[in-house]
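To start, the structure under review is shown below, and the notes come after it.
The sequence lines fix the lettering, A, B, ..., with proteins before strands; numbering per chain opens at 1.
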Amino acid sequence: MHESLTTDILILGGGGAALCAALHAKRRGGPALTVTVAVKGLLAKSGCTRMVQGGYNAVLNPRDSLQRHFADTIKGGAFLNDQELAWMLVSRAPRMIAEMETRYGCFFDRNPDGTIHQKAFGGQSYDRTIHRGDLTGIEIMERLRDAVLGQDIRVLEDHRAVRLLRDRSGQRVCGALLLDMRRGTFTVARARAVLLATGGGPTMYKISSPSREKSMDGIAMAYEAGAVLMDMEMVQFHPSGIVVEGSELHGAVIEEGVRGAGGRLYNARGERFMERYDQARLERSMRDVVTRACYLEIMEGRGTPAGGVWLDASHLGKEFVEREFPGMVERTRAAGSDLATGRVEVSPAAHFIMGGVRIDERCRTSVEGLYAAGEDASGVQGGNRLGGNGVAESTVFGALAGDVLAEDVVGRAPAASEEGEVRRAIEEVTAPLGRDTGEDAYALLDRLRAMMWEKAGVVREAHALEEAIAELQDLEARAERVKVHGRPQANLEWMLWLNLRSLVVTSALVARSALARTESRASHYRADYPVQDDRSWLRHVEIRRGANGGLGGDGPVVATRPVRITRLRPDQVPAGAEWPGVPVTHDE
Amino acid sequence: MSGERIFRVARGGAGETARYQEYRVPEGDRVTVLDGLLHIHRYLDRTLAFRYNCRAMMCGTCGLRVNGTERLACSTRLSAVPGRTVIVEPLRHLPLIQDLMVDFEPFFDAWRQVKPAFVPARAPRESGQAPDESVRVPDEPARIAPDAPERQVIDRHRECISSAICYSACEVVSVSPEFLGPAAMTRALCLITDSRGGAREERLDLLNGERGCWRCHTHTTCSELCPKGLDPTAAIEQVKRILVRRSLLKLVGVYRPAASESSRT
Ligand SMILES: Cc1cc2nc3c(=O)[nH]c(=O)nc-3n(C[C@H](O)[C@H](O)[C@H](O)COP(=O)(O)OP(=O)(O)OC[C@H]3O[C@@H](n4cnc5c(N)ncnc54)[C@H](O)[C@@H]3O)c2cc1C
């Protein structure tokens with residue numbers, strides 16, 4: 001019924017976190033250590049690290065400092081970051097840049113004097129974003145892939161993880177069930193340790209930017225395996241996804257560097273509306289502020305007929321825009337507009353999830369044998385991620401996870417999964433292929449996306465969230481009645497259904513966490529609690545699976561936990577650094 | 001809006017002869033070939049198989065042939081495809097998995113041959129040896145001016161997204177499947193030009209060998225079709241010039257291997 005393989009370390013994912021983990025594990029563990037990477041697609045080609053446009057935040061200039069990068073990150077995250085994890089991010093990012101240049105051969109853009117060029121990016125107090133043109137992710141992923149090809153690392157392409165497997169005690173993860181997407185067959189991969197690096201991907205919204213195959217699989221699997229998740233209400237919406245009705249390009253983003261360089265936003269009336277939301281920073285304000293501004297303009301009837309606002313960089317000059325943002329210009333031209341010479345229609349698009357699996361400083365989750373890094377993990381970015389901190393997180397924590405895994409598996413005996421669990425999982429996953437009639441996966445996905453956009457999106461309130469939670473229970477039941485056409489081999493509809501399943505579960509976790517957080521903070525905006533409440537809410541919302549599973553009744557268990565504020569307190573924020581957009585209640 | 005297009009799509013799995021199936025696809029004025037395939041999959045035929053990830057010209061996985069010419073499905077607007085019928089076929093020279101979905105392995109196998117992994121060149125340059133793992137990697141990224149001669153070469157030839165479009169379009173690969181193909185050799189040129197890198201001689205030997213650059217007949221199809229506007233033909237020509245100079249210098253006995261092409265000059 002299935003094939004089997006055994007490996008010391010199993011890495012799920014093929015993006016920045018996964019590849020850095022594989023390289024570091026192999027480097028640390030040496031030739032005897034076996035490392036297997038299973039990826040839903042092709043190595044280094046799937047995932048969002050590939051899609052990084054703007055660049056990578058790291059302190060290189062002596063006039064900048066780690067403290068500043070840290071403070072920017074914490075302010076951006078509205079003090080919801082785990083400060084130890086955030087410090088690891090900023091303090092290790094410079095080394096990671098050096099590693100990518102000197103060990104993997106990446107080459108980032110240079111200043112005239114030959115040093116690495118760093119540009120401005122939203123929400124930062126210093127120009128510290130390292131880049132390769134406006135397509136930085138390609139440079140990073142192509143070179144990481146080349147490095148992996150030079151190592152003895154086993155790569156299983158088009159192998160999608162569908163379930164984490166636990167040992168008999170149910171307390172330890174000992175592998176994963178993989179679905180070979182080409183042949184439609186299953187493989188049980190036994191491992192001493194498993195790393196989740198599937199890159200989150202909040203694609204449960206009407207408009208979203210991530211790579212199309214991403215569907216929160218890792219977080220959904222971790223939840224099913226009993227891991228504690230954290231900050232799931234913190235979904236980041238990028239302010240500028242392209243609006244192209246009827247095209248898959250819809251939601252592809254115009255990078256924020258365009259605003260950093262002076263690009264302006266106008267509503268349908270031609271007003272430069274950011275003047276009303278953040279007079280000081282205007283379009284260079286933080287991501288969540290700009291997003292909410294665009295969203296409110298659209299919702300209050302000042303948007304374009306297709307539901308967008310205008311991004312205009314043409315005053316910067318055609319030559320400048322073409323030189324600085326060639327990828328973005330190409331993209332808008334493919335979509336029938338032109339960033340270099342005219343305005344482009346944009347809308348907020350779901351972009352990244354700050355929440356995810358709770359990890360400690362060694363990337364360990366709350367379940368033995370299970371680790372997480374990159375977008376699957378939580379804590380690093382707090383309530384909002386600064387542009388440029390995402391790829392830094394995936395590479396820094398991917399590398400760290402690789403080192404830790406190589407150490408942790410030494411002397412750890414492999415455990416066997418339960419054959420019954422494997423059989424049940426395969427039956428569940430193959431069930432829709434056998435049905436004569438049933439629900440339609442596309443229709444359910446549409447429903448899910450419209451509903452989440454409306455009820456658990458940029459602006460939220462209790463009543464709508466409760467409706468969302470109820471509707472998600474219904475969608476969960478209907479998803480189990482989907483019929484998938486055709487054979488198991490190379491079946492895209494089957495993959496779509498599996499995506500739907502992960503998205504429904506994780507949507508419920510987003511909605512429940514959002515309901516629990518009765519304040520507004522960073523990316524999470526509650527119309528019924530519009531104020532940031534530091535007195536009660538310097539806390540994480542944690543969520544994990546209840547005893548009976550399922551989304552209904554007493555399904556997910558919600559709890560809160562104080563944020564670790566070990567380095568920078570809210571009252572230490574320098575004067576004049578208010579959070580624009582959200583009024584703050586100060587502690588006495 | 002220009003009404004409706006007929007998609008004639010190659011169907012079938014490994015080892016089967018393709019059969020062509022026709023679908024009617026509405027044409028919006030901003031939609032792409034990828035949008036057409038997604039329309040077919042959703043509304044007309046759930047069994048159609050194809051590959052795509054980023055849908056924004058970065059991942060290089062949605063390559064296929066449109067009316068016989070290699071394209072990325074995501075960046076080919078229907079309005080730019082002439083005629084009413086759009087014939088869609090999988091890339092060539094790569095094993096078929098199903099319908100339009102191919103296995104990239106031969107492309108990456110060729111890529112692997114040129115030792116695509118960067119090898120830092122902190123070794124004594126005189127010996128031309130690549131350093132081993134025990135050599136500490138310099139912590140500081142190298143200082144290299146943006147207008148350094150090596151960067152002029154590399155900047156022109158990097159940013160490959162490994163779409164395999166050139167590999168599919170290459171007539172030499174058709175005749176000699178062992179040919180490394182345009183993308184791998186372009187990667188090799190970047191590596192041997194990079195002053196930070198080593199392993200130059202090994203790569204040059206490879207490029208000089210059976211599978212290497214001398215098989216290129218300068219058809220220039222690769223350069224015409226590269227979705228990123230790269231010019232693999234020019235890269236291969238440059239590799240040939242480097243090799244010619246190398247053998248001339250060897251012939252007169254004055255050749256000194258260098259870590260990289262640019263550290264020679
Ligand atoms: C359009 C866009 C632009 C961005 N620009 C920037 C930027 O300029 N700067 C910045 O810092 N950040 C940016 N980000 C965010 C950044 O991309 C992410 O923070 C980061 O890349 C996440 O890395 P990762 O390794 O965790 O996941 P990814 O790189 O997304 O990789 C996830 C991998 O897991 C695979 N996978 C998924 N599910 C499964 C499964 N079930 N089994 C096996 N494999 C699976 C995927 O196919 C993929 O290979 C951007 C994001 C997007 C969407």
Among [options], residue most engaged with chain A (heavy-atom pairs, under 4.5 Å):
options: Gly60(B), Ser162(B), Ser75(B); result: Ser162(B)
options: Glu105(B), Arg187(B), Arg158(B); result: Arg158(B)
options: Val31(B), Ile144(B), Thr47(B); result: Ile144(B)
options: Lys115(B), Arg112(B), Gln98(B), Arg55(B); result: Arg55(B)
options: Thr76(B), Leu34(B), Asp103(B); result: Asp103(B)

So which of [options] has the biggest tally of heavy-atom pairs under 4.5 Å with chain B?
options: Ile242(A), Leu249(A), Thr115(A); value: Leu249(A)
options: Gly150(A), Ala147(A), Ala335(A), Gly41(A); value: Ala335(A)
options: Ser209(A), Gly47(A), Gly486(A); value: Ser209(A)
options: Arg132(A), Glu157(A), Gln489(A); value: Arg132(A)
options: Arg487(A), Arg145(A), Arg333(A); value: Arg145(A)
options: His485(A), Lys214(A), Arg143(A); value: Arg143(A)

Any donor and acceptor pair, going by atom type alone, linking the side chain of [X] with main-chain N or O of [Y] inside 3.5 Å?
X: Lys45(A); Y: Ile161(B); value: yes
X: Arg182(A); Y: Met101(B); value: no
X: Arg331(A); Y: Ala56(B); value: yes

Which bit of [X] comes within less than 4.5 Å of chain A, counting heavy atoms only: side chain, backbone, both or neither?
X: Cys74(B); answer: neither
X: Phe50(B); answer: both
X: Leu48(B); answer: backbone
X: Ile97(B); answer: side chain

Can you tell which part of [X] gets under 4.5 Å to a heavy atom of chain B, answering side chain, backbone, both or neither?
X: Tyr104(A); result: backbone
X: Ile116(A); result: side chain
X: Arg95(A); result: neither
X: Glu142(A); result: side chain
X: Val155(A); result: neither
X: Arg183(A); result: neither
X: Cys48(A); result: neither
X: Pro326(A); result: neither

**Request:** Could you tell me whether the side chain of Pro141(B) reaches within less than 4.5 Å of the side chain of Arg110(A), counting heavy atoms only?
**Result:** yes
**Nearest heavy atoms of Pro146(B) and Gly114(A), plus distance in Å** = CD-N, 4.5 Å
**Message:** Which heavy atom of Phe118(B) sits nearest to which heavy atom of Arg103(A), and what is that distance?
**Reply:** CD2-O, 3.5 Å
Charged N to carboxylate O below 4.0 Å: is that the case for [X] and [Y]?
X: Glu101(A); Y: Arg196(B); value: yes
X: Asp446(A); Y: Arg42(B); value: yes
X: Arg46(B); Y: Asp440(A); value: yes

Report the distance from atom [atom1] of [X] to atom [atom2] of [Y], rounding to the nearest 0.5 Å.
X: Cys62(B); Y: Glu248(A); atom1: SG; atom2: CD; answer: 10.5 Å
X: Phe104(B); Y: Asp158(A); atom1: CZ; atom2: CG; answer: 10.0 Å
X: Glu493(A); Y: Asp45(B); atom1: CD; atom2: CG; answer: 10.0 Å
X: Phe107(A); Y: Asp155(B); atom1: CZ; atom2: CG; answer: 7.0 Å

**Message:** Could you work out, with side chain to side chain contact (heavy atoms under 4.5 Å, CB included) as the rule, every residue matching Asn53(B), not counting sequence neighbours?
**Reply:** Ser46(A), Ser211(A), Glu213(A), Cys59(B), Thr61(B)
**Request:** List for me each residue that meets side chain to side chain contact (heavy atoms under 4.5 Å, CB included) alongside Leu135(A), sequence neighbours excluded, and say none if there are none.
**Result:** Ile138(A), Met58(B), Lys228(B)
**Request:** Report the C-alpha distance between Arg151(B) and Asp109(A) in whole Å, list the side-chain angles of each, state the deciding distance to 0.1 Å, and finish with yes or no for salt bridge (Lys or Arg N to Asp or Glu O under 4.0 Å).
**Result:** CA-CA 10 Å; Arg151(B) 296 322 300 185; Asp109(A) 284 359; over 6 Å; no
**Request:** Go through the steps for Asp146(A) and Trp111(B) under the test side chain to side chain contact (heavy atoms under 4.5 Å, CB included), then give the verdict.
**Result:** CA-CA 9 Å; Asp146(A) 289 346; Trp111(B) 188 273; 2.7 Å; yes
**Item:** Arg24(B) atom CZ, over 12 foreign heavy atoms within 6.0 Å
**Value:** no
